[in-house]
J.: 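There's a structure below that I have some questions on.
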Number of protein chains: 2
Amino acid sequence: MRADARDNRARIMTAADDVFGQSPSASTDDVARLAGVGIATVFRHFPTKTELLEAVLTLRLERLRDRALELAGSDDPGKAFFEFFTQVVSESASKLAIGEALTAAGAAAGEEARAAGRGMREAFNGLLTAAQRTGSVRSDAEMAEVYALMIGASRGATAAKLEPPVRDRMLALIYDGLAPHS
Amino acid sequence: MRADARDNRARIMTAADDVFGQSPSASTDDVARLAGVGIATVFRHFPTKTELLEAVLTLRLERLRDRALELAGSDDPGKAFFEFFTQVVSESASKLAIGEALTAAGAAAGEEARAAGRGMREAFNGLLTAAQRTGSVRSDAEMAEVYALMIGASRGATAAKLEPPVRDRMLALIYDGLAPHS
DNA sequence: GAATATATGGAGTAACGACTTCGTTTACAA
DNA sequence: TTGTAAACGAAGTCGTTACTCCATATATTC
């Protein structure tokens with residue numbers, strides 16, 4: 001692959017992440033314009049819009065997985081779990097599409113993105129069970145509902161355009177519910 | 001207004017509620033087809049697609065407000081609050097657009113829909129403060145974050161296509177967080 | 001039951017978005 | 001440096017969608 005092609009591919013990915021992060025219904029032309037390339041170049045690298053979206057989504061999921069794996073090395077599993085949870089919610093508040101994207105990952109996405117989604121959820125599950133082992137999170141909470149809660153908080157924060165203080169108080173309520181003994 | 005016009009208007013509203021409930025990106029033709037009328041008829045009653053969406057949204061918000069007011073008459077405010085919360089989440093799970101709609105209500109909607117949104121939130125606030133007075137909900141929780149939690153749970157449940165048991169366990173976690181003393 | 005104002009539906013129009021074509025340019029090898 | 005395969009961008013095509021026009025039909029009034 002030629003050097004300029006590789007360069008352009010990267011620039012298109014970056015631009016797409018940005019554009020679709022702000023407006024999931026953005027057009028391919030918008031991406032091309034921000035990337036500083038012609039429309040045809042976008043389509044040469046990603047034959048359909050769906051494939052482009054999927055590539056962006058996969059990248060995001062992989063980054064989240066990496067962050068979870070990194071935190072899994074921490075010596076305070078409880079803190080690590082809540083930090084990850086908070087980060088996911090915060091980021092999705094500023095990037096409108098991540099909730100949309102996370103959703104699509106579980107549902108109607110291509111194999112690559114689905115695999116990335118599975119990887120991310122596995123890493124999240126690792127954080128959760130570690131936090132439960134040290135008694136930071138109630139042990140009767142299962143992965144499915146805790147994950148749903150995280151997605152919900154993300155989408156809720158994004159949708160309602162929450163002020164950060166409100167978002168934090170909402171998270172505090174959630175974390176109280178996740179605490180043991182309550 | 002002629003009788004057939006009134007009839008058609010009602011049928012269009014019903015059809016629109018149904019169609020947009022299943023797919024927020026549905027076209028006006030879809031609505032017309034389901035309503036059994038021509039496209040022009042839809043546009044005669046609702047000059048733009050936005051106005052049609054707004055009418056549907058307003059109707060939904062008003063129904064929720066009425067339900068909240070009805071529950072406010074109950075003699076068990078705690079039960080009433082949680083019942084309303086659960087109902088909102090359940091319904092939005094089966095009707096994909098309600099979250100989208102509720103969001104739009106707070107944000108970029110016309111005056112009519114915004115007013116309906118305010119009315120609904122006021123009624124919700126009534127349920128909440130009553131439940132707090134009887135000690136069913138912690139008193140340090142403010143309306144803003146509790147409302148955000150409800151929207152989040154709704155959107156999360158819809159987005160993740162939760163099985164009802166998982167949804168119920170997620171709600172149980174939330175309700176634990178809303179309980180006093182925890 | 002006839003007159004008429006009002007409503008209706010289907011065939012347009014215009015704009016927009018995904019995707020293609022093709023003549024031009026550019027990176028790399030000899 | 002030059003030849004060439006690879007990559008590029010601008011201008012298209014095609015399908016979809018919000019919205020309009022107008023000839024026809026129907027409810028209401030007297």
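Sequence lines set the chain letters: A, B, ... in the order given, protein chains first and strands last, and positions in each chain run from 1. Here the structure is a predicted model, which means the values were calculated and not measured. These values consider heavy atoms only, across backbone and side chains, with no hydrogens, waters or symmetry-generated copies.
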J.: Are any of the side-chain nitrogens in B:R118 or B:E111 under 4.0 Å away from the carboxylate oxygens of its partner?
T.: yes
J.: Any side-chain N or O of A:N8 below 4.0 angstrom from OP1/OP2 of D:dA7?
T.: no
J.: Please list, chain by chain and in numerical order, all residues satisfying ring-ring contact (aromatic ring centres under 6.0 Å, His included) with B:F46, sequence neighbours excluded.
T.: none
J.: Just how far, in rounded Å, is P of C:dT26 from CG of A:D7?
T.: 15 Å
J.: Just the rounded figure in Å: distance from C1' of C:dG9 to CZ of B:R33.
T.: 14 Å
J.: Would you say the side chain of B:F20 lies within less than 4.5 Å of the side chain of B:L52, judging by non-hydrogen atoms?
T.: yes
J.: Rounded to the Å, how far apart are A:R6 CZ and D:dC8 P?
T.: 12 Å
J.: Among all residues two or more places apart in sequence or in another chain, which pass the salt bridge (charged side-chain N to carboxylate O under 4.0 Å, His left out) test with B:D4?
T.: B:R2
J.: Just by protein heavy atoms under 4.0 Å, how would nucleotides 19-30 of chain D read 5' to 3' in B, S and -?
T.: BBB----BSS--
J.: Specify the residues of residues 9-17 of chain B, ordered by number, for which at least one heavy atom lies under 4.0 angstrom from an atom of DNA chain C.
T.: none
J.: For residues 30-38 of chain B, which side-chain donor-acceptor pairs fall under 3.5 Å, sequence neighbours excluded?
T.:
unit_1 : atom_1 : unit_2 : atom_2 : d
B:D30  : OD1    : B:R33  : NH1    : 3.4
B:D30  : OD2    : B:S27  : N      : 3.2
B:D30  : OD2    : B:S27  : OG     : 3.3

J.: Do A:E83 and A:R67 meet the salt-bridge criterion of a basic N to acidic O distance under 4.0 Å?
T.: yes
J.: Which nucleotide in the list D:dC8, D:dT17, C:dT8 gets nearest to the side chain of B:S27?
T.: D:dT17
J.: Thinking salt bridges, do A:R114 and A:E54 make one under a 4.0 Å N-O criterion?
T.: no
J.: ring-ring contact (aromatic ring centres under 6.0 Å, His included) with A:F43: which residues, sequence neighbours excluded?
T.: none
J.: Tell me whether the side-chain N/O atoms of B:H45 come closer than 4.0 Å to OP1 or OP2 in C:dA7.
T.: no
